[in-house]
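Quick notes on the structure that follows.
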Amino acid sequence: MKPSKPRSAARHLIWPSAAILLGMSFVPLCMLVFFSFADGNVSTLNGVAGYTVRNIVEAVTSLTVQGLMLKSFWMALLVTAICIVIAYPAAWAIAKIVPEKYRSTLIMVFTSQLLLIYSIMTLMQTNGLVMTPLLKLGILPAGTSLMYTNGSVILILVYEYLPYMILSLYSCLEKIDNNVISASHSLGANRFQTFISVVLPQSFSGLMTGILIVLIPVAGS
């Protein structure tokens, strides 16, 4: 049976966006491979003199690069773990406690990423709402700044990527039947046992999606 014309026409509408996404991922990847093997700098007059694997060898054997890669991976794991701990109760509250008519508004607030980043930077800067009273009370010595420290980086990364974890978990938690939760409690399971035996297995796919969405970009950041 041949597909109807409207469905066939709708299928062709996908191609422009697919081409844009492919170009935005494939072209940068090709550029990354090119610059990795390029011997020279394309921004200079001499340009690229040839191709070599020296760049990759130096990057792999460099103690500085190795330290930065380990630090990035450790911070990515830490940020992902913090996001999971915070996102589960937040996503559960949105999916099961907040009235349905307010859920879209809450999700929109959570996903306002740029607003979240600038707000936390305003709070943490030297003259911000957090630092000003701490400095005036003498809790922190004069000239102390929380910006550009490991703690501030972790905090801002959690603030930035937490919405992705919440959305990933929310999509699964919303589908869990409330009767299953009630049945678990009726059979004597406490909240922790219900979470381990009912909620976690049914939201595992969302958890894995959230980990991939958060862990990889954070490591790159």
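Positions are given from 1, in the same order as the sequence printed here. All of these numbers come straight from a predicted model, not from anything done at the bench.
- Here CZ of Phe37 is found 9.5 Å from CG of Leu32. Values are rounded to the nearest 0.5 Å.
- Using a 4.5 Å cut-off between side-chain heavy atoms of Ile, Leu, Val, Met, Phe, Trp and Tyr, with links allowed through other members, Ile196 and Leu187 fall into different hydrophobic clusters.
- Formation of a donor-acceptor pair under 3.5 Å by the Ser62 side chain with backbone atoms of Ala59 is not found in this model.
- Pairing each heavy atom of Asn55 with each of Phe35, the nearest pair is ND2-O, 4.0 Å.
- Rounding to the nearest 0.5 angstrom, the gap separating the OH atom in Tyr159 from the CD1 atom in Ile86 is 10.5 Å.
- No single ILVMFWY cluster, assembled from side-chain heavy atoms under 4.5 Å apart, contains both Val85 and Leu155.
- Between Glu174 and Lys96 the shortest heavy-atom distance is O-NZ, 3.6 Å.
- Across all non-hydrogen atoms, the minimal contact from Gly23 to Pro28 is O-CD, 3.3 Å.
- Residues that satisfy the side-chain contact (heavy atoms from CB on, under 4.5 Å) test with Ser182, not counting sequence neighbours, are absent from this structure.
- Rounding to the nearest 0.5 angstrom, the gap separating the SG atom in Cys83 from the CG atom in Leu78 is 9.5 Å.
- Rounded to the nearest 0.5 Å, atoms CE (Met165) and OG1 (Thr80) are 6.0 Å apart.
- Hydrophobic clustering, with ILVMFWY side chains joined whenever heavy atoms are under 4.5 angstrom apart, groups Val98 together with Leu173.
- Atoms CD1 and CZ, on Ile181 and Phe195 in that order, are 10.5 Å from each other to the nearest 0.5 Å.
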Expected list for residues 64-75: side-chain donor-acceptor pairs under 3.5 angstrom, two or more places apart:
unit_1 : atom_1 : unit_2 : atom_2 : d
Gln66  : NE2    : Val60  : O      : 2.6
Lys71  : NZ     : Asn150 : OD1    : 3.1
Ser72  : OG     : Leu68  : O      : 2.8

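- Hydrophobic clustering (side-chain heavy atoms under 4.5 Å, transitive across Ile, Leu, Val, Met, Phe, Trp, Tyr) keeps Ile166 apart from Ile216.
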Let me have the donor-acceptor pairs involving side chains of residues 197-213, under 3.5 Å, with sequence neighbours excluded, atom names and distances please.
unit_1 : atom_1 : unit_2 : atom_2 : d
Ser197 : OG     : Gln193 : O      : 2.6
Ser203 : OG     : Tyr88  : OH     : 2.8
Ser203 : OG     : Val199 : O      : 2.7
Ser203 : OG     : Leu200 : O      : 3.4
Thr209 : OG1    : Ser205 : O      : 2.9

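- Going from atom OH of Tyr170 over to atom NZ of Lys175 covers 10.5 Å, rounded to the nearest 0.5 Å.
- The nearest pair of heavy atoms linking Ala189 to Thr194 is CB-OG1, 3.7 Å.
- Cluster annotation: Val33 is connected to Val53 through the hydrophobic network of ILVMFWY side chains, with a link wherever side-chain heavy atoms come within less than 4.5 Å.
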